[in-house]
Enquirer: 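Below you will find the structure I want to go over with you.
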Amino acid sequence: MEAGIPFKNLHSREYQGHKKKVHSVAWNCAGTKLASGSVDQTARIWHIEPHGHGKGKDIELKGHTDSVDQLCWDPKHAELIATASGDKTVRLWDARSGKCSQQVELSGENINITYKPDGTHIAVGNRDDELTILDVRKFKAIHKRKFSYEVNEIAWNMTGEKFFLTTGNGTVEVLAYPSLRPLDTLMAHTAGCYCIAIDPLGRYFAVGSADSLVSLWDISEMLCMRTFTKLEWPVRTISFNYTGEHIASASEDLFIDISNVETGRSVHQIPCRAAMNSVEWNPKYNLLAYAGDDKNKYQADEGVFRIFGFESA
């Protein structure tokens, strides 16, 4: 174990509230609230005390009529959150009141959503490989594009000048923004690329693939620096911690891997009981939220998520 975070002394806490499995977890920009989106058609907002002992109160966001598959917070506003659902709508909520302030109906079942880092635009991807860009202020679509290949997770770089698409062909497509003209195609993996994360210091991005590898790329050179090889199943979700020193990755393996970004070495594994759907580090503290396909002893969805990194259980 290297100097730094004493991962082996840290604990996970469990948060219950959803009635079905949790698909997505995300922290607000202040690191004080966590949102969870579930198959039970709701999202919930949890107030998390990083050094506290309480479980934190939660508030329910109700209105979607299908699974809430992904959610993301406004990067500039700690109380605004967007949700994407299979009901074809994208909704904007106030996390204090739990009220939906805006909604727009798009053309398909939405599965991926991300904010532009300046908070002005939201990108949404659907099951039909169509990308929609929303203007947040007007909450209207300003751009739509259908792709001829499978589009998975999407992300902007920190300046918002580049837009990344992970694809079912094992490539990462790099587009200029806002024109969306192709800049680069990176032959990243031998199987589909599922997820992407941008290093908070803006040096790297990482890609998780169905080939069970996570690749780390230099964002200015567009070159692969190294791969992380601990997992044995398709990588569903990845996240950098707030200092950019560690990367968490998860799959159907029954652990979450935490590796050192610079050395590529695994420094800790968090055991889990099911395949994971979402891992996300807090933007201010070393707290990692994670959610998966947990079942109870009757084989029903547990509807829980957990947060790792507390000094006591």
Side-chain angles (χ1 to χ4, degrees), residues 1-18 21-27 31 34-38 46 48-53 55-56 153 194-197 199-200 206-209 212-216 226-296 301-313:
M1 176 68 221
E2 59 210 70
I5 306 159
F7 284 120
K8 65 182 187 309
N9 303 337
L10 299 176
H11 301 270
S12 287
R13 291 186 190 162
E14 188 177 287
Y15 296 79
Q16 286 177 319
H18 287 289
K21 75 177 172 192
V22 178
H23 262 181
S24 180
V25 285
W27 295 94
L34 184 89
S36 53
S38 167
W46 309 74
I48 309 291
E49 296 272 348
H51 305 294
H53 293 279
K55 277 296 168 79
E153 247 180 40
Y194 286 161
C195 49
I196 184 164
D199 155 43
V207 178
S209 166
S212 85
L213 300 175
V214 174
S215 57
L216 183 78
R226 65 186 57 87
T227 56
F228 303 89
T229 58
K230 263 298 185 243
L231 298 172
E232 293 184 2
W233 290 86
V235 182
R236 294 180 173 195
T237 175
I238 55 179
S239 178
F240 287 95
N241 81 325
Y242 75 101
T243 62
E245 292 169 273
H246 293 101
I247 187 166
S249 55
S251 63
E252 293 167 57
D253 291 273
L254 295 184
F255 63 88
I256 296 162
D257 181 65
I258 299 175
S259 285
N260 181 298
V261 168
E262 292 305 329
T263 65
R265 281 203 297 271
S266 176
V267 295
H268 190 68
Q269 291 178 1
I270 304 166
C272 43
R273 287 183 237 159
M276 286 292 112
N277 297 317
S278 182
V279 298
E280 192 167 272
W281 289 99
N282 184 297
K284 306 279 187 211
Y285 309 98
N286 281 311
L287 294 175
L288 181 75
Y290 57 100
D293 295 340
D294 294 73
K295 301 256 193 273
N296 64 18
D301 281 359
E302 265 199 319
V304 300
F305 67 89
R306 294 177 178 82
I307 300 175
F308 169 80
F310 293 105
E311 277 149 30
S312 68

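In this chain, residues are counted from 1 in sequence order.
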Enquirer: Could you pull out the closest heavy-atom pair between Leu231 and Ser251, with the gap in Å?
Expert: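 In this case the closest contact between Leu231 and Ser251 is CD2-OG, 3.8 Å.
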
Enquirer: Going by heavy atoms in the side chains, are Trp27 and Ile307 under 4.5 Å from each other?
Expert: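 Yes - at least one pair of side-chain heavy atoms lies under 4.5 Å apart.
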
Enquirer: Quick one: are Arg236 and Ser278 in side-chain contact, heavy atoms under 4.5 Å?
Expert: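 Side chain of Arg236 against side chain of Ser278, heavy atoms only: no contact under 4.5 Å found.
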
Enquirer: Answer yes or no: is there a side-chain heavy-atom contact under 4.5 Å between Asn277 and Asp293?
Expert: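 They are in contact (side-chain heavy atoms under 4.5 Å apart), so the answer is yes.
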
Enquirer: Salt bridge check: are Asp253 and Lys230 linked by an N-O gap of less than 4.0 Å?
Expert: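 Looking at Asp253 and Lys230, the cut-off is not met.
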
Enquirer: Going from CH2 on Trp233 to CD on Glu252, what distance comes out if it is rounded to the nearest 0.5 angstrom?
Expert: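 Answer for the CH2-CD pair, Trp233 versus Glu252, is 5.5 Å.
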
Enquirer: Testing the basics here: between His246 and Asn260, what is the closest heavy-atom pair and its distance to 0.1 Å?
Expert: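 Scanning both residues completely, I find the closest heavy atoms to be CD2-CA, 4.1 Å.
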
Enquirer: Identify which one of Lys21, Arg273, His18, Lys295 satisfies the side-chain contact (heavy atoms from CB on, under 4.5 Å) criterion when paired with Glu302.
Expert: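 Of the listed options, the one satisfying the test is Arg273.
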
Enquirer: Using modelled atom types and a 3.5 Å cut-off, is there a donor and acceptor pairing between side-chain atoms of Glu153 and backbone atoms of Ile196?
Expert: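 Checking the backbone N and O of Ile196 against the side chain of Glu153, a donor-acceptor pair under 3.5 Å is found.
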
Enquirer: Examine distances only and state if a side-chain atom of Thr237 and a backbone atom of Val279 form a donor-acceptor pair shorter than 3.5 Å.
Expert: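 Present.
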
Enquirer: How many angstroms lie between CZ in Phe255 and SG in Cys272, if you round to the nearest 0.5 Å?
Expert: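 Between Phe255 CZ and Cys272 SG, I get 8.5 Å after rounding to 0.5 Å.
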
Enquirer: Do Tyr290 and Ser12 touch side chain to side chain, with heavy atoms closer than 4.5 Å?
Expert: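 Yes. Closest side-chain heavy atoms under 4.5 Å.
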
Enquirer: Looking at every non-hydrogen atom in both residues, tell me the closest pair between Ile238 and Ser249 and how far apart they are.
Expert: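 Looking at all heavy atoms of both residues, the shortest contact is CG2-CB, 3.6 Å.
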
Enquirer: With a 4.5 Å heavy-atom cut-off, do Met276 and Asp294 have their side chains touching?
Expert: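 Yes, at least one pair of side-chain atoms sits under 4.5 Å.
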
Enquirer: Please name the pair of heavy atoms, one in Gln16 and one in Trp46, separated by the smallest distance, quoted to 0.1 Å.
Expert: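 Reported closest heavy-atom pair: O-CH2, 3.1 Å.
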
Enquirer: Grab the two heavy atoms, one from Phe240 and one from Ala197, that are nearest each other, plus how far apart they are.
Expert: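 Heavy atoms of Phe240 and Ala197 come nearest at CE1-O, 3.4 Å.
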
Enquirer: Heavy-atom distance under 4.5 Å between the side chains of Tyr242 and Asn282, does that happen here?
Expert: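 A side-chain contact is absent here, since even the closest heavy-atom pair is not under 4.5 Å.
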
Enquirer: Quick check on side-chain contact (heavy atoms from CB on, under 4.5 Å): which of Ile256, Val25, Leu10 does Leu288 satisfy it with?
Expert: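 Of Ile256, Val25, Leu10, side-chain contact (heavy atoms from CB on, under 4.5 Å) with Leu288 is met by Ile256 alone.
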
Enquirer: With rounding to the nearest 0.5 Å, note down the distance linking CG in Leu34 to CD1 in Ile48.
Expert: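 That separation rounds to 5.5 Å.
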
Enquirer: Within the distance-only criterion (no hydrogens, no angle test), does the side chain of Arg226 pair as donor or acceptor with the backbone N or O of Glu262 below 3.5 angstrom?
Expert: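 It does hold such a pair.
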
Enquirer: Are the side chains of Ile258 and Trp281 in contact, using a 4.5 Å heavy-atom criterion?
Expert: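 Yes, close enough: below the 4.5 Å cut-off.
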
Enquirer: Between CG of Asn241 and CG of Asp199, what distance do you get to the nearest 0.5 Å?
Expert: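 Result: 9.5 Å between the selected atoms.
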
Enquirer: Is any side-chain heavy atom of Val22 less than 4.5 Å from a side-chain heavy atom of Tyr15?
Expert: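 Counting from C-beta outward, Val22 and Tyr15 never come under 4.5 Å.
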
Enquirer: If every non-hydrogen atom of Ile247 is compared with every non-hydrogen atom of Ala206, which pair is closest and at what distance?
Expert: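 Heavy-atom minimum between the residues: CD1-CB, 3.4 Å.
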
